[in-house]
Structures are given as C-alpha cells and as structure tokens.
2 protein chains.
Amino acid sequence: MDTTQRTEQQRSADRRRRELLEAADRVVLRDGPQASMNAIAAEAGITKPILYRHFGDKSGLYAALAKRHTDALLNSLRAALDAPADRRERVEATLDTYLAAIEARPQVYRFLMHPAEGGQTADQGFDVGKHSVPLLRRMGEELATVIEERLDLGPGGQQLARVWGHGIVGMMHAAGDWWLGERPCSRAELVRSLADLLWGRLAAAGDKMGGPGF
Amino acid sequence: MDTTQRTEQQRSADRRRRELLEAADRVVLRDGPQASMNAIAAEAGITKPILYRHFGDKSGLYAALAKRHTDALLNSLRAALDAPADRRERVEATLDTYLAAIEARPQVYRFLMHPAEGGQTADQGFDVGKHSVPLLRRMGEELATVIEERLDLGPGGQQLARVWGHGIVGMMHAAGDWWLGERPCSRAELVRSLADLLWGRLAAAGDKMGGPGF
DNA sequence: CATGCTTGTTACTAGCGGTAACCCTAGTTT
DNA sequence: AAACTAGGGTTACCGCTAGTAACAAGCATG
C-alpha cells in the first residue's frame, strides 16, 4: 500500500531528523550560538545540503532545535507552576526551576536567547519580535494564561495578566542573565530577592534620607 | 609647534569620527542591526578600511554607536528617576520614558538590544553577558545604585538593590519588546500595569476558584 | 530494462568581516 | 627647487559564512 510505505519513509525521515537534531544539539552545546551549518553537518557525519533539505533554512533548524528545549523547559515550569502549594512557594519554585535550567546548560541557554539570527538575507525592516527570542515570548504567554486562570484581577484582567506574564518573564530572564555572568549570590538568594520584589517590597520599603519616610 | 599640530590633527580626526558615526547612525536607522560595514562606508562616502582605521573592529564601531544612544537614553532615565515626585510617580515616569524612547526609534532600539554580534571570529566559548547587551546591563546597574541610595532595605540591601535593578530593567525591556510587537494597549496602560506589578498587586490579588482565597 | 524517488555528494555563488599593499597629495627638510 | 615623509584613501584580496545547482548512486515499481 501507499500509506504503509509512506509511513515507513516518514519514520525513516523522522529518525534522521532526530539524529540531525541531536548532532546539532551537541555542536551547539560545544560551540554556543555560533555553531555553523558546516560544523553541524560534519558532526552528523553528512554534508550541508541534507541539513537544508530537512530544515530548509538555518532559522528552520534553529526553530526545530529551540522547540525541543523550549518544550522541555516549559514542561518543567508548568510543573512548578501547578504544584499544590501556596502562591509564594509556587512562584519561588518556578523561578528556581528556570534558574537551575540556565545554570545547568548555559550554552544552550545562550543559543536560545541570543541566536544572532541576523545574517545577510531576509529579515528586512522592522520585524521587531517576529521570529526573535521565541522562548521568552512563549514563556510570557504561558505565564499570562496561568495568571489569568488563577487570579481574580477584575475588569481588564486578561490584558493585565499578559503584561505581567511578559514582565515577570523578562525580570526572571534579565536577572538570570546577569546572575549567570557575575554569580554575585547563591541561587536561593536570587530567588528570594526576586520573589520579594514581586511581593511589593519595593513599594513598601522606607526612604533612606529625609523626606516622608516613616 | 608639535602640540598645536597634534591637536589640529586630533580635531580633524574627531570630526571625521563624528561624521562616520552619524553616517552609521543613518544606515542603522534604515537597515536595522544588519547594517553592514560596506553599507556604512558607502553612506559615509568612503570605503571600508577607513572605518576599520577609526574603529578597529565592527564591535568597536558598535560600541561607539551604542554609547551615544545609551548615554542619551540613560540621561533621560536619570532625569525621570530624579524628578521631585513620590515614588510611584517617579517609577511611572521612568517606565514611560523608556517606552517612549523605544517607540520613537525601534530600529535603533533593536540595534542596541539585539546586535547579532556573533560573527565568525572571536567571542569563543561561554562569555555570556561579556560584551552583549551592554545597555541592559548599564541600565540595571544604574537603577540598582539609585535604589540602593534611596531605599532603606536593611542588611544585604546592596545586593538586593542590584538584583532588583536588573530585574526591573528586564521586566521593562521584555514587556516593552512584546508591546512594541503587538501593541495590545496604550503606553499609559502598559505603564500602569507594570507599576501595579511592582506595587505588589500580584501578591495581593485574590484566587479565582476554590482554595484559600479571601 | 527503464523510470522514478530518496539520499548523498561535489562544486559553486554571493556576501560578509577584515587586511595587505599600493597610491597620491600636502607639507617639511635640505 | 628637489627629495622625502605622513596620513587619508582605494583596489584587490583572504577566509569564512549561508545557501544552491547539478550530478551520482541505491532501490522500489511499471
């Protein structure tokens, strides 16, 4: 039958695809986001055109590769977010999960976050945030839906949740990026500080000199 | 005299340098972060090697160009941060200043934030956050010092302030990036939502379904 | 046997960042 | 006046990248 044959070929193609992705993964883990198509093809034991047949484009391969890690990370985050604990604990667990992930595999993290996608072709003119940094966007949207599902924010709550989702993810990301570079404190301390920030300690803190401090 | 001659030449060189930077600015404003050295040289009416004599390197030109915009933006932010108003107003003014800036010149913004710096040379291996995204780092540090100067955060306050500085900047950046792409609401609404987040509304909100909500 | 179809290769294009070698004009020195 | 040096500037190149066209097998089916 055509169908069985097709599925057979499909399976074979999928297996190859997975193998190629794993090779790409290894190279990225070794070389960071500058991993070249040549290097990836060599690691996979083949040559460039096959890569292009499978993924069409460098950004295609990037997208496929990113999806794997993004899905994995998002699953961990969802687990932390859905744990049966109070809100503060869940927030801290989520922050810690994210930070542990970027701490464990900084090269992958960097590949996902700073893909350096701008080559010489395409991408012309004002596509801020179209294909860029898709992980941050997905995380932001995900968090937004969780916030909107769980919290009672009154009218306009949906939009508020989206702003907060992207804002909190950005906070987590920037603080994590900085922390990963300088390592000024332990992960637990960082988590506590960020949770404190989200818990309004910024607004609650007293002024230091003169003025209307209490 | 030697000195006058030297200063004369220095002046001339500085003027050229400024002209080149302005040409580069124009190209970046037109082409975004993919602006090539060739294009910049052509816009300036000269050829590549002179660019390299002046800036040594593409990242050298990038750094010089970024410093201009970064300094300008940071000055605006400092002004908003130092205004004689209460804390909430100052925070909102700062957020609005940043968002207005990226709204006015998205190409420049993108050049600063996503420089796509990874070429084929240098930058090898695990330099997360060394030269990358210097604007975010500078803004984070700046905000951290302001927080630490003004707020009484008790013991460990300095570190807390740095975490918060980078975290808040990241929140602002990510939310701004998302907002710039989707434009889901007005700038004023975005500012209010973010300030609400910083003011602890996330922790204060009630649960939506069952559970220990109040 | 011939016809496809998938898998793979070699060999190329076009454009990038970066550089070596040269050219040419202005001013100084003898 | 003639020689000589100092910068600003250009052409022509290198090595690299992403991406592609064209060609060579293995293996099913008519």
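Below, chain A is the first sequence line, B the second, and so on; all start at residue 1. The structure presented is a predicted model; accordingly, all values stated were derived computationally and were not measured.
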Does a donor on one side chain and an acceptor on the other come within less than 3.5 Å for B/Asp177 and B/Tyr109?
-> yes
Within the side chain of A/Arg162, is there an N or O that forms a donor-acceptor pair under 3.5 Å with the backbone of A/Ala144?
->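 Here the side-chain-to-backbone pair does not exist.
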Taking [atom1] from [X] and [atom2] from [N], how many angstroms apart are they, rounded to a whole number?
{"X": "A/Asp14", "N": "C/dT7", "atom1": "CG", "atom2": "C1'", "answer": "16 Å"}
{"X": "A/Tyr52", "N": "C/dT9", "atom1": "OH", "atom2": "P", "answer": "15 Å"}
{"X": "A/Leu51", "N": "C/dT9", "atom1": "CG", "atom2": "C1'", "answer": "14 Å"}
{"X": "A/His54", "N": "D/dA18", "atom1": "NE2", "atom2": "P", "answer": "18 Å"}
{"X": "A/Ile50", "N": "C/dT10", "atom1": "CD1", "atom2": "P", "answer": "10 Å"}
{"X": "A/Lys58", "N": "D/dC16", "atom1": "NZ", "atom2": "P", "answer": "15 Å"}
{"X": "A/Arg15", "N": "C/dT6", "atom1": "CZ", "atom2": "P", "answer": "17 Å"}
{"X": "B/Leu61", "N": "C/dG18", "atom1": "CG", "atom2": "C1'", "answer": "14 Å"}

Step by step, would you call B/Asp25 with B/Arg18 a salt bridge (charged side-chain N to carboxylate O under 4.0 Å, His left out)?
-> CA-CA 10 Å; B/Asp25 231 10; B/Arg18 233 167 293 152; over 6 Å; no
Of B/Asp57 and B/Arg53, the one whose closest nucleotide on DNA chain C sits nearer the 5' end is B/Asp57
I'd like to know whether [atom1] of [X] has more than 12 heavy-atom contacts from other residues, nucleotides or ligands below 6.0 angstrom.
{"X": "A/Arg201", "atom1": "CZ", "result": "yes"}
{"X": "B/Gln158", "atom1": "CD", "result": "no"}
{"X": "B/Glu19", "atom1": "CD", "result": "yes"}

With rounding to the nearest 0.5 Å, note down the distance linking CD in A/Glu141 to OG1 in A/Thr145.
->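 A/Glu141 atom CD to A/Thr145 atom OG1 measures 8.0 Å (nearest 0.5 Å).
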With a 4.0 Å heavy-atom cut-off, tell me which residues in residues 37-49 of chain A come close to DNA chain D, sorted by residue number.
->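 Here the set is A/Met37, A/Lys48, A/Pro49.
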Five-pair end axes of the helix from C/dC1-D/dG30 to C/dT30-D/dA1 and the angle they enclose, rounded to 10° |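 Here the local axes at opposite ends form an angle of 30°.
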Between A/Arg192 and A/Asp96, is there a salt bridge with N-O shorter than 4.0 Å?
->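 So A/Asp96 does not pair with A/Arg192 through a salt bridge.
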Ignoring backbone atoms, establish whether B/Arg16 has a side-chain N or O less than 4.0 Å from OP1 or OP2 of D/dG9.
-> yes
Taking only residues at least two apart or on different chains, which pairs with a member in residues 177-203 of chain A satisfy ring-ring contact (aromatic ring centres under 6.0 Å, His included)?
->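 Every pair satisfying ring-ring contact (aromatic ring centres under 6.0 Å, His included) with a residue in residues 177-203 of chain A: A/Trp178-B/His166.
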